[in-house]
Peer 1: 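Here it is, the structure in full.
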Amino acid sequence: MVFELAASLRRLKPEKRTPPLVRRPDDELTFADDAQAGGPPLLLDTTVYIDVLQNRAPQAVKDLLLVRQVNHSSIAVGELTHLFGRLDPSHHDTGDVLTAVRGVIEDIPRHRLFAPSVAAVAEAGIVTGVVARLRGLPKADRQPFMNDATLLLQALENGSTLLSRNIGDMDLIQQIVPAGRVLLYRQRR
């Protein structure tokens, strides 16, 4: 997709966005528990990989991962590989964690791994700016939020539904980009 700033600004209308931007009640959101088995491909948020690795993904998520085509984003891979630099190499659990993460990354079929387009990244910047303005999003939270917005816009571009545990942020993003499809879930305890 070619990026045209004017077209993105017409579509997103950031100047028309004024407070309030508040999280909607759960009954206005779409959860994996209510999703049909068949449907569009999924694009996975980083939360899905983490919850599957920790055996905290709910059964509905596991079922969807078995029956739907699953696509992967370089954004999520980047968030996962961040652990290789961030975790303390001297901590007793680090080796096991990194081995598990390495296995997940190496198991991603290369023909199902995609990078977001320039347009998705640029529009994510606009969306993040709107949320930062309307919600007072702290600077430290803007990059993770931008990653989430990029994932939703990437899913929208390629006809996928984004699967995520990040309920609050994805709700705000989807309010600004209502055409984006998201299936949300809560971690299994």
Side-chain angles (χ1 to χ4, degrees), residues 23-27 29-116 124 128 131 137-138 140-155 158 160-174 180-189:
R23 186 188 173 301
R24 298 175 290 182
D26 282 359
D27 63 355
L29 306 176
T30 307
F31 283 85
D33 295 335
D34 302 323
Q36 297 179 353
L42 299 172
L43 183 67
L44 305 185
D45 187 358
T46 311
T47 58
V48 179
Y49 302 96
I50 293 167
D51 292 338
V52 168
L53 278 172
Q54 294 178 342
N55 197 28
R56 297 184 85 181
Q59 191 60 49
V61 167
K62 293 176 186 177
D63 292 345
L64 286 170
L65 293 174
L66 290 174
V67 297
R68 296 244 192 133
Q69 177 181 307
V70 176
N71 293 319
H72 308 270
S73 175
S74 61
I75 296 291
V77 170
E79 289 182 339
L80 289 170
T81 59
H82 173 75
L83 296 172
F84 287 90
R86 186 179 65 78
L87 294 181
D88 180 355
S90 65
H91 190 276
H92 67 280
D93 289 333
T94 296
D96 291 341
V97 170
L98 295 181
T99 297
V101 171
R102 180 186 306 270
V104 166
I105 293 169
E106 290 175 349
D107 285 347
I108 294 174
R110 295 304 173 239
H111 69 283
R112 294 279 175 230
L113 176 59
F114 304 99
T128 302
V131 174
L137 191 64
D141 295 343
R142 291 180 190 168
Q143 186 59 55
F145 194 94
M146 183 153 167
N147 287 352
D148 289 339
T150 303
L151 283 168
L152 180 63
L153 288 156
Q154 181 182 4
N158 70 25
S160 295
T161 297
L162 183 63
L163 181 61
S164 177
R165 169 177 35 94
N166 196 344
I167 298 168
D169 289 354
M170 289 304 172
D171 174 40
L172 298 176
I173 295 164
Q174 195 176 31
R181 293 185 307 245
V182 181
L183 282 176
L184 300 165
Y185 70 93
R186 287 190 171 83
Q187 256 183 352
R188 197 170 57 87
R189 300 280 171 203

Peer 1: Can you give the donor-acceptor pairs under 3.5 Å from side chains of residues 36-50 to other protein atoms, not counting sequence neighbours?
Peer 2:
from: Asp45; atom 1: OD2; to: Ser164; atom 2: OG; distance (Å): 2.6
from: Thr46; atom 1: OG1; to: Glu79; atom 2: OE1; distance (Å): 2.3
from: Thr47; atom 1: OG1; to: Arg165; atom 2: N; distance (Å): 3.1
from: Tyr49; atom 1: OH; to: His72; atom 2: ND1; distance (Å): 2.6

Peer 1: Are any side-chain N or O atoms of Asp171 and backbone N or O atoms of Arg24, one a donor and one an acceptor, separated by less than 3.5 Å?
Peer 2: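 It does hold such a pair.
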Peer 1: Looking only at non-hydrogen atoms, find the nearest pair between Leu152 and Arg181 and report the distance.
Peer 2: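 Between these two residues, the closest heavy atoms are CD1-O, 3.8 Å.
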Peer 1: Could you measure the distance from the OG1 atom of Thr128 to the CG atom of Asp169? Nearest 0.5 Å is fine.
Peer 2: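 Those atoms lie 9.5 Å apart.
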Peer 1: For the side chain of Arg110 and the backbone of Ile108, is there at least one donor-acceptor N/O pair under 3.5 Å apart?
Peer 2: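 Indeed, once roles are kept as given, a pair shorter than 3.5 Å links the two residues.
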Peer 1: So do the side chains of Ile167 and Arg23 get within less than 4.5 Å of each other, counting heavy atoms only?
Peer 2: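 Answer yes - side chains close enough.
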Peer 1: So do Asn55 and Arg188 actually touch side chain to side chain, heavy atoms under 4.5 Å?
Peer 2: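 A side-chain contact under 4.5 Å exists here.
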Peer 1: Once you round to the nearest 0.5 Å, how far does CZ of Arg68 lie from OG1 of Thr161?
Peer 2: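 Rounded to the nearest 0.5 Å, the CZ-OG1 separation comes to 5.5 Å.
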Peer 1: Once you round to the nearest 0.5 Å, how far does CG of Asn166 lie from OH of Tyr185?
Peer 2: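 So the gap between those two atoms works out to 9.5 Å.
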Peer 1: Considering all heavy atoms of both residues, which atom of Ile173 and which atom of Ala149 are nearest to each other, and what is their separation?
Peer 2: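 That closest heavy-atom pairing would be CD1-N, 3.5 Å.
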Peer 1: My understanding is that only residues two or more places apart in sequence, or in another chain, count here; which of them pass side-chain hydrogen bond (donor to acceptor under 3.5 Å, both in side chains) with Arg56?
Peer 2: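 Listed in chain order: nothing, the list is empty.
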Peer 1: For atom CZ of Arg102, decide whether the heavy atoms of other residues, nucleotides or ligands shown that lie under 6.0 angstrom number more than 12.
Peer 2: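 At most 12 heavy atoms, drawn from other residues, nucleotides or ligands, come within 6.0 Å of this atom.
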Peer 1: What are the two closest non-hydrogen atoms of Ala100 and Leu53, and how far apart are they?
Peer 2: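 Nearest heavy atoms, Ala100 then Leu53: CB-CD2, 3.9 Å.
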Peer 1: Is the closest side-chain heavy-atom distance between Met170 and Asp148 below 4.5 Å?
Peer 2: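 In short, these two side chains touch, coming nearer than 4.5 Å.
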Peer 1: Using side chain to side chain contact (heavy atoms under 4.5 Å, CB included) as the criterion, point out the one residue from Leu183, Val182, Leu184 that pairs with Phe31.
Peer 2: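 Going through the options one by one, the only one that passes is Leu184.
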Peer 1: When rounded to the nearest 0.5 angstrom, what distance separates CG in Asp141 from CE in Met146?
Peer 2: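 Answer for the CG-CE pair, Asp141 versus Met146, is 14.5 Å.
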Peer 1: Nearest 0.5 Å please: distance from the CG atom of Leu153 over to the CG atom of Leu151.
Peer 2: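 Between atom CG of Leu153 and atom CG of Leu151 there are 9.5 Å.
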Peer 1: One pair to check against side-chain contact (heavy atoms from CB on, under 4.5 Å): Val52 and Lys62. What are the steps and the verdict?
Peer 2: CA-CA 8 Å; Val52 168; Lys62 293 176 186 177; 5.6 Å; no
Peer 1: Where do Ala115 and Gln154 come nearest, in terms of heavy atoms and distance?
Peer 2: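 Heavy atoms only, the tightest pair is C-NE2, 3.6 Å.
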Peer 1: Give the minimum heavy-atom separation between Ser74 and Leu113, together with the two atoms involved.
Peer 2: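 What the structure gives for the nearest pair is N-CD1, 3.9 Å.
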Peer 1: When you look at Leu29 and Asp26, which way does the side-chain contact (heavy atoms from CB on, under 4.5 Å) test go after all the steps?
Peer 2: CA-CA 5 Å; Leu29 306 176; Asp26 282 359; 4.2 Å; yes
Peer 1: Anything under 3.5 Å between a donor and an acceptor, one on a side chain of residues 91-99, the other on a protein residue two or more places apart or in another chain? List them.
Peer 2:
from: His91; atom 1: ND1; to: Asp93; atom 2: N; distance (Å): 3.1
from: Thr94; atom 1: OG1; to: Asp88; atom 2: O; distance (Å): 2.6
from: Thr99; atom 1: OG1; to: Gly95; atom 2: O; distance (Å): 2.8

Peer 1: Provide the closest heavy-atom pair for Phe84 versus Ile105 in the form atom of the first, atom of the second, distance.
Peer 2: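 Smallest interatomic distance, heavy atoms only, reads CE1-CD1, 4.4 Å.
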